[in-house]
Amino acid sequence: MANCESASVVLDSGQILPELILLAQHLPGTYQQRDVEQLRRAAPLAQIVVVAGTWCEGEPRTGKPLTGVLRLYWYELIPWWQHVQANRSWSLCLDGPIARRHTDRIFDYDFKIDSYVAIHAFSLASFEALASSLGAYGMECVWTRQEPELPQQIAVGIWDGGQLDAQEIARVQSFATMIHERQGSLIVLLEFPRKEHFSQLDEIGITTVFGKPFIVEELANEILRLRFRSPIL
């Protein structure tokens, strides 16, 4: 439908009873809270999901988030769609962390990882936030600024990055080389990655990218998947 008003007319007529309503928000302010309430009155049982486009990423661009909806960024839509299709439940995403990235299963964390997680972060606060979160899953983290000579036993490296400009991609490549020399894998955290960023990173052998903000449990799950390469039984 072209807009919420047109959609509400169709819904009020009873022609369709949707389980899911997607709002494609390509620019900030495309939808208002009153639009959500109008759709909710017309289809009270439908799950409403706002899909933010490339010009709606981050609170400064998006503005005040709409309430009573699930918000996904455009690059999360396909993995989320695959997840809810497999589970046959639109409401599943509201019951806990959603599968923004495809994972075979949620791992059992009742064990300790047997090698380090190397974190490249530009500030001590950023490192401590990641290390504290991952420490709850039994992971021992080292900050590359404190330990320029990395241990040989690196399970996974994490690049806590920004917008991935030309200078940053060169630094990521250098860091990736150090991690790969230690037989480790690399996860890159970016501020709202775009299609070209995935292509650039893929060219240097990095296939795991998370957009910020991310869910810690999903990050921990991906670290363990990369470390052990198969589900833990």
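A quick note: this is a predicted structure, and the numbers were derived from the prediction, not measured. Quick note: numbers below take in every heavy atom, side chains included, and nothing from hydrogens, waters or symmetry partners.
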Could you walk me through whether Glu5 and Asp35 satisfy the side chain to side chain contact (heavy atoms under 4.5 Å, CB included) test, starting with their C-alpha distance in whole Å, then the side-chain angles of each, then the deciding distance to 0.1 Å, before giving a yes or no?
CA-CA 8 Å; Glu5 289 73 18; Asp35 296 318; 4.0 Å; yes
Distance (rounded to the nearest 0.5 Å) between Gln38 CD and Gln32 CD:
12.0 Å
Kindly indicate, with the supporting measurements, whether the criterion side chain to side chain contact (heavy atoms under 4.5 Å, CB included) is fulfilled by Leu39 and Ser8.
CA-CA 6 Å; Leu39 292 172; Ser8 296; 3.8 Å; yes
Measuring from Leu72:CG to Leu77:CG, what's the distance to the nearest 0.5 Å?
6.5 Å
Look at the side-chain heavy atoms of Ile, Leu, Val, Met, Phe, Trp and Tyr, link any pair under 4.5 Å apart, and say whether Met1 and Ile16 land in one connected group.
yes
Which atom pair, heavy atoms only, marks the closest approach of Leu186 to Ile158?
CD1-N, 3.9 Å
Rounded at 0.5 Å granularity, tell me how far OG in Ser123 sits from CZ in Arg145.
8.0 Å
By the definition side chain to side chain contact (heavy atoms under 4.5 Å, CB included), identify the one residue from Val209, Thr208, Asp160 that meets it with Leu189.
Asp160
Roughly how far apart are Gln200 CD and Ile206 CD1, rounded to 0.5 Å?
11.0 Å
Could you tell me which non-hydrogen atom of Phe198 sits nearest to which non-hydrogen atom of Pro193, and how far apart they are?
CE1-CB, 3.9 Å
Leu224 side, atom CG; Leu219 side, atom CG - distance, nearest 0.5 Å:
9.5 Å
Lys212 (side chain) donor-acceptor with Gly162 (main chain) under 3.5 angstrom
no
List the residues meeting ring pair (Phe, Tyr, Trp, His ring centres under 6.0 Å) with Tyr31, not counting sequence neighbours, and say none if there are none.
none
Could you tell me whether Glu222 and Arg225 make a salt bridge, using a distance below 4.0 angstrom between a side-chain N and a carboxylate O?
yes
With sequence neighbours excluded, what pairs up with Glu128 under the side-chain contact (heavy atoms from CB on, under 4.5 Å) test?
Leu124
For the side chain of Arg182 and the backbone of Pro151, is there at least one donor-acceptor N/O pair under 3.5 Å apart?
yes
Report yes if the side chains of Tyr137 and Val216 come closer than 4.5 Å at any heavy-atom pair, otherwise no.
yes
Minimum-distance pair of heavy atoms, taken over all atoms of Gln163 and Glu168:
N-OE1, 3.7 Å
For the residue pair Arg34 and Cys4, establish whether any side-chain heavy-atom pair is separated by less than 4.5 Å.
no
Could you walk me through whether Ile169 and Leu201 pass the side chain to side chain contact (heavy atoms under 4.5 Å, CB included) test, one step at a time?
CA-CA 8 Å; Ile169 189 66; Leu201 292 170; 3.7 Å; yes
Trace of the side chain to side chain contact (heavy atoms under 4.5 Å, CB included) decision for Ile119 with Thr144:
CA-CA 6 Å; Ile119 298 175; Thr144 56; over 6 Å; no
Just distance, no hydrogens or angles: give the donor-acceptor pairs under 3.5 Å from side chains in residues 171-180, sequence neighbours left out.
unit_1, atom_1, unit_2, atom_2, d
Thr177, OG1, Gln173, O, 3.0
His180, ND1, Ala176, O, 3.3

Are Phe122 and Leu164 connected in the hydrophobic side-chain network, where two residues link if heavy atoms are under 4.5 Å apart?
yes
Heavy-atom closest contact (Val36 atom, Thr67 atom, distance):
CG1-O, 4.0 Å
Heavy-atom closest contact (Ala24 atom, Thr30 atom, distance)
O-CG2, 4.3 Å
Interatomic distance, CH2@Trp81 vs CG@Leu22, rounded to 0.5 Å, equals 6.5 Å
Looking only at heavy atoms, which two atoms of Arg40 and Val69 are closest? And how far apart?
NH2-CG1, 4.4 Å
With hydrophobic residues grouped by side-chain heavy-atom distances under 4.5 Å, do Val9 and Leu23 end up in a single group?
no
Does either side chain, that of Asp202 or that of Ser199, offer a donor lying less than 3.5 Å from an acceptor on the other one?
no
Please check if the side chain of His120 supplies one atom and the backbone of Gly161 the other of a donor-acceptor pair under 3.5 Å.
no
